[in-house]
Amino acid sequence: RMLRGFYSYYHRKVFAFDQLSKALLSWQHVLYYPIMAVAKVNLYVQTHIYLLLNATQMSTLELGGMLAHYASIGCALMCLPSAPARIACFLSALAVAGILHVQITLSH
């Protein structure tokens, strides 16, 4: 019944399911963990969008802090001997954070 679509009172619109939605829904038990492994990238992007669109004096400080964070990650990754090692380390860090994402999404 839900695959026909549903009305969201929060968004005040109807959400219809197309073929892609139905296919992804049927594979969600397989796709959930790989998506959560890289979901932190989406959080970074959403944070930047929010801070840039709602700029305040505090946003400037927050963006500066994030840039310092990125610089420290870059310095740490540059200590590794090769590009494949850097990529593996970065993806591993995302995957470890993905465990927290799984816990948060499953408990809400």
Side-chain angles (χ1 to χ4, degrees):
R1 177 180 140 158
M2 190 173 195
L3 291 179
R4 291 181 296 202
F6 61 92
Y7 180 79
S8 169
Y9 289 97
Y10 180 80
H11 294 286
R12 295 188 180 122
K13 70 177 189 176
V14 175
F15 287 89
F17 281 89
D18 57 5
Q19 293 297 352
L20 177 63
S21 300
K22 290 177 183 178
L24 290 174
L25 187 61
S26 68
W27 283 91
Q28 73 177 352
H29 63 287
V30 175
L31 298 173
Y32 180 73
Y33 292 102
I35 289 171
M36 287 295 109
V38 294
K40 190 173 180 183
V41 174
N42 181 51
L43 292 176
Y44 287 148
V45 171
Q46 294 301 319
T47 300
H48 287 289
I49 290 170
Y50 178 79
L51 290 176
L52 292 172
L53 294 179
N54 301 300
T56 64
Q57 188 173 5
M58 194 60 142
S59 299
T60 305
L61 181 62
E62 290 177 12
L63 280 171
M66 291 177 71
L67 290 174
H69 171 70
Y70 297 150
S72 66
I73 290 174
C75 288
L77 289 174
M78 294 313 276
C79 291
L80 296 172
S82 66
R86 292 178 192 123
I87 292 169
C89 180
F90 181 73
L91 292 177
S92 297
L94 287 178
V96 168
I99 295 169
L100 177 62
H101 289 215
V102 167
Q103 189 275 329
I104 290 170
T105 58
L106 290 180
S107 67
H108 286 83

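Along the sequence shown, residues are numbered consecutively beginning with 1. All figures in this text were calculated on a predicted structure; none of them were measured in a lab.
Less than 6.0 angstrom separates the ring centroid of His11 from the ring centroid of Phe15. Taking the six-membered ring for Trp and the full ring otherwise, the centers of Tyr70 and His48 sit less than 6.0 Å from each other.
Between Pro81 and Ala85, the closest heavy-atom pair is CD-CB, 4.4 Å.
In this structure, the separation between CZ on Arg86 and SG on Cys89 is 10.5 Å, given to the nearest 0.5 Å. Taken from CG in Leu51 to OG in Ser59, the straight-line distance is 5.0 Å, to the nearest 0.5 Å. Remark: Lys22 NZ to Leu24 CG distance equals 13.0 Å, nearest 0.5 Å. Annotation: the span from Asn54 atom CG to Ile49 atom CD1 amounts to 11.0 Å, rounded to 0.5 Å. The CD1 atom of Ile87 sits 11.5 Å away from the OG atom of Ser92 when rounded to the nearest 0.5 Å. The CE atom of Met66 lies 8.5 Å from the CD atom of Glu62; values are rounded to the nearest 0.5 Å.
No continuous path of hydrophobic side-chain contacts links Tyr32 to Leu25 [ILVMFWY only; heavy atoms under 4.5 Å]. In terms of hydrophobic clustering, with Ile, Leu, Val, Met, Phe, Trp and Tyr side chains grouped at heavy-atom distances under 4.5 Å, Leu80 and Leu91 are assigned to a common cluster. When hydrophobic clusters are built by joining Ile, Leu, Val, Met, Phe, Trp and Tyr residues whose side-chain heavy atoms come closer than 4.5 Å, directly or via intermediates, Tyr10 is not grouped with Phe6. Tracing side-chain contacts under 4.5 Å through hydrophobic residues (I, L, V, M, F, W, Y), one reaches Leu94 starting from Leu77; they form part of the same cluster. Note: the hydrophobic cluster containing Leu31 also contains Leu20 (ILVMFWY, side chain heavy atoms under 4.5 Å, direct or indirect links).
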Without placing hydrogens or testing angles, list every side-chain donor-acceptor pair under 3.5 Å for residues 34-44, not counting sequence neighbours.
| residue | atom | partner | partner atom | Å |
| --- | --- | --- | --- | --- |
| Lys40 | NZ | Tyr44 | OH | 3.4 |

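Ser21 contributes no side-chain N or O that, together with a main-chain N or O of Ala16, makes up a donor-acceptor pair within less than 3.5 Å.
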